[in-house]
2 protein chains.
Amino acid sequence: MNKIPQATAKRLPLYYRFLNNLNHQGKKRVSSKELSEAVKVDSATIRRDFSYFGALGKKGYGYNVEYLLGFFRKTLDQDELTDVALIGVGNLGTAFLHYNFLKNNNIQIKMAFDAAKEKVGTDIGGVPVYHIEDLEDKMTGIKVAILTIPASEADGITNRLVEQGITGILNFTPARITVPDHIRVHHIDLAVELQALVYFLKHYPLSKED
Amino acid sequence: MNKIPQATAKRLPLYYRFLNNLNHQGKKRVSSKELSEAVKVDSATIRRDFSYFGALGKKGYGYNVEYLLGFFRKTLDQDELTDVALIGVGNLGTAFLHYNFLKNNNIQIKMAFDAAKEKVGTDIGGVPVYHIEDLEDKMTGIKVAILTIPASEADGITNRLVEQGITGILNFTPARITVPDHIRVHHIDLAVELQALVYFLKHYPLSKED
DNA sequence: AATAAGTCGTGATATATTTCACAATATTAT
DNA sequence: ATAATATTGTGAAATATATCACGACTTATT
Ligand SMILES: NC(=O)c1ccc[n+]([C@@H]2O[C@H](COP(=O)([O-])OP(=O)(O)OC[C@H]3O[C@@H](n4cnc5c(N)ncnc54)[C@H](O)[C@@H]3O)[C@@H](O)[C@H]2O)c1
Ligand SMILES: NC(=O)c1ccc[n+]([C@@H]2O[C@H](COP(=O)([O-])OP(=O)(O)OC[C@H]3O[C@@H](n4cnc5c(N)ncnc54)[C@H](O)[C@@H]3O)[C@@H](O)[C@H]2O)c1
């Protein structure tokens with residue numbers, strides 16, 4: 001595809017969500033300056049981001065909310081549904097199941113797996129929980145997994161997911177898992193985020209928000 | 001302080017944790033190459049990161065695990081305890097309370113707040129839950145907060161936190177909150193992370209891990 | 001119709017981060 | 001001892017990202 005910078009790609013879902021809000025509020029037009037205040041991204045950065053997709057706005061006017069939203073809906077494939085499996089129905093996994101990302105987007109946790117007998121067979125937030133031994137049977141066709149198991153289990157389960165044909169993993173365990181090159185892993189390391197915040201507070205006082 | 005790049009600062013807690021692991025395993029030395037494989041960061045980047053703190057290794061040898069660990073312990077202020085308050089004891093907040101980041105570091109959730117009567121007065125994972133109305137009374141001295149309330153409540157609570165003297169917020173709500181310049185906010189937007197992962201899978205196939 | 005105000009899209013520039021590649025040095029093997 | 005091997009620390013180059021600043025165009029106002 002075209003060359004959308006990764007930094008831009010990471011902001012797209014954010015723009016999408018705020019445009020959706022504006023649309024629900026009945027707003028018809030929006031400037032990069034207004035959007036900037038809402039999402040806390042510099043207005044020049046927003047204009048640059050949008051410009052990778054062509055000229056979406058009008059000089060002197062701004063952007064048409066509905067048009068922009070429709071454009072991003074296509075670009076972000078909001079019309080295709082992506083099914084996701086969640087592995088590890090513990091504290092964190094259970095929170096995700098209750099939340100379910102479905103709310104206003106195109107991503108849905110379709111099934112969950114756990115090793116504990118008492119969790120298997122239940123239904124949390126409308127998502128069935130299967131035994132981890134049934135992973136290979138049940139998970140056919142699912143390409144994305146959320147990992148919320150203990151760190152010690154991460155490598156073993158990852159290998160099974162790779163075998164099964166996964167293409168993306170959102171990893172909440174502190175383990176840095178090893179996968180073949182064609183598989184994408186995003187790590188969200190909550191303890192590291194908290195430590196980094198504290199480090200910044202002590203060592204970079206008064207700096208601006210990030 | 002000196003000029004540690006932010007990108008480097010964000011990796012420090014990660015290095016620290018892996019060095020800790022190595023130390024527990026009884027390992028005495030480690031090379032940037034080995035560390036690179038463990039944390040999935042290019043070895044040149046690791047050497048560059050370390051070099052901001054001076055010459056911590058020995059050519060032809062690598063790094064002494066114990067020495068490096070001691071160095072980072074001081075640098076990351078692992079000896080000072082940072083107290084944190086959590087606001088919003090719902091699905092996500094409860095998971096964090098059970099986890100408590102205390103486990104192997106210097107950060108501790110000291111108290112939690114919620115608006116729901118049935119949660120107030122309880123004790124989750126050893127952390128007392130107070131009523132949100134008592135925020136100003138109870139929270140004296142605490143400089144960091146984790147926000148796990150509904151998005152609609154984010155602005156109001158943020159203002160109260162700012163009044164109370166907070167300096168850092170880890171915000172899990174989808175709202176982009178507004179704060180004065182001297183306050184640092186890190187957003188962790190789980191829905192955005194998942195959407196971004198899916199976007200990358202569809203539009204950047206076969207690219208390497210990030 | 002003319003003027004003023006607002007806003008985009010983007011070339012140019014600034015800043016930040018990563019990676020290459022190699023001299024210098026340490027360790028290990030013979 | 002000597003040679004072979006390993007590994008750091010860093011200048012230089014490459015890449016990535018953010019921001020400035022302004023011409024061109026749109027809309028609103030008089
Ligand atoms: N809870 C948090 O706030 C938090 C914060 C940061 C990181 N994490 C990380 O997220 C992960 C999950 O944390 P948690 O608090 O939910 O832990 P948890 O212990 O509550 O949940 C883990 C779940 O995984 C299941 N499990 C264990 N082995 C399994 C296997 N082989 N296959 C399938 N399921 C298996 C367990 O039965 C349990 O239900 C951990 O790696 C933790 O370090 C959690
Ligand atoms: N749970 C998830 O997996 C998940 C994922 C992504 C984002 N989030 C975001 O995290 C936040 C929390 O999510 P959740 O699933 O835990 O929601 P939740 O509804 O389970 O919990 C919210 C809690 O906040 C409390 N609360 C409400 N108003 C309050 C106030 N004014 N002061 C103090 N407490 C108040 C409620 O009583 C409740 O206990 C939300 O903003 C949500 O969008 C959650």
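First the proteins, then the strands, lettered A, B, ... as listed; each starts at 1.
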Quick one: is A:Tyr52 getting a side-chain N or O under 4.0 Å of the D:dA16 phosphate, OP1 or OP2? no

Can B:Thr82 and B:Lys143 be counted as having a side-chain donor-acceptor contact under 3.5 angstrom? no

Of D:dT27, C:dT27, D:dT19, the nucleotide closest to the side chain of A:Ala44 is D:dT19

Applying ring pair (Phe, Tyr, Trp, His ring centres under 6.0 Å) between B:Phe50 and each of B:Tyr67, B:Phe72, B:Phe71, report the one that passes. B:Phe72

Side-chain H-bond candidate by donor/acceptor type, B:Tyr99 with A:Asn91, under 3.5 Å: no

Distance check needed: D:dG9 P versus B:Ile46 CD1, whole Å only. 12 Å

Can you check the B:Asp49 CG to D:dT8 C1' distance for me, whole Å? 14 Å

Rounded distance in Å - CZ (A:Phe50) to P (C:dT7): 15 Å

Look at the side chain of B:Arg48 and the base of C:dT17, then say whether one donor and one acceptor between them are separated by less than 3.5 Å. no

Against the side chain of B:Asp42, the closest entry in C:dC20, D:dT26, D:dT19 is C:dC20

Round to a whole Å and report the spacing from CD of A:Gln6 to P of D:dA18. 12 Å

Just N and O in the side chain of B:Tyr63: are any of them under 4.0 Å from OP1 or OP2 of D:dG9? yes

Once you round it to whole Å, what is the distance between C1' of D:dT8 and NZ of B:Lys58? 12 Å

5'-most contact on DNA chain C: B:Thr45 or B:Arg29, nearest heavy atom basis? B:Thr45

On DNA chain D, more 5' by nearest nucleotide between A:Gly60 and B:Glu34 is B:Glu34

In terms of heavy-atom contacts, A:Thr148 and A:Gly93 come closest through OG1-CA, 3.6 Å

Round to the nearest Å and state the distance from A:Lys28 atom NZ to D:dT27 atom P. 16 Å

B:Arg11 side chain near C:dT18 phosphate (N/O to OP1/OP2, under 4.0 Å): yes

Could you tell me whether A:Thr8 contacts a base, only the sugar-phosphate backbone, or nothing, with contacts defined as non-hydrogen atoms closer than 4.0 Å? nothing

Tell me whether the guanidinium CZ or amine NZ of B:Arg73 lies under 6.0 angstrom from the six-membered ring centre of B:Tyr16 and within 45° of its axis. no

Testing D:dT17, C:dT17, C:dT10 for proximity to the side chain of A:Pro5, the answer is D:dT17

From CZ of B:Arg47 across to P of D:dG9 the rounded distance in Å is 9 Å

Nearest-Å distance for atom pair NZ/C1', residues B:Lys3 and C:dA16: 13 Å

Using a cut-off of less than 4.0 Å, is there contact between a side-chain N or O of B:Ser32 and OP1 or OP2 of D:dT8? yes

Looking at the side chain of B:Lys59, which of D:dT17, C:dG9, C:dT25 is the nearest nucleotide? C:dT25

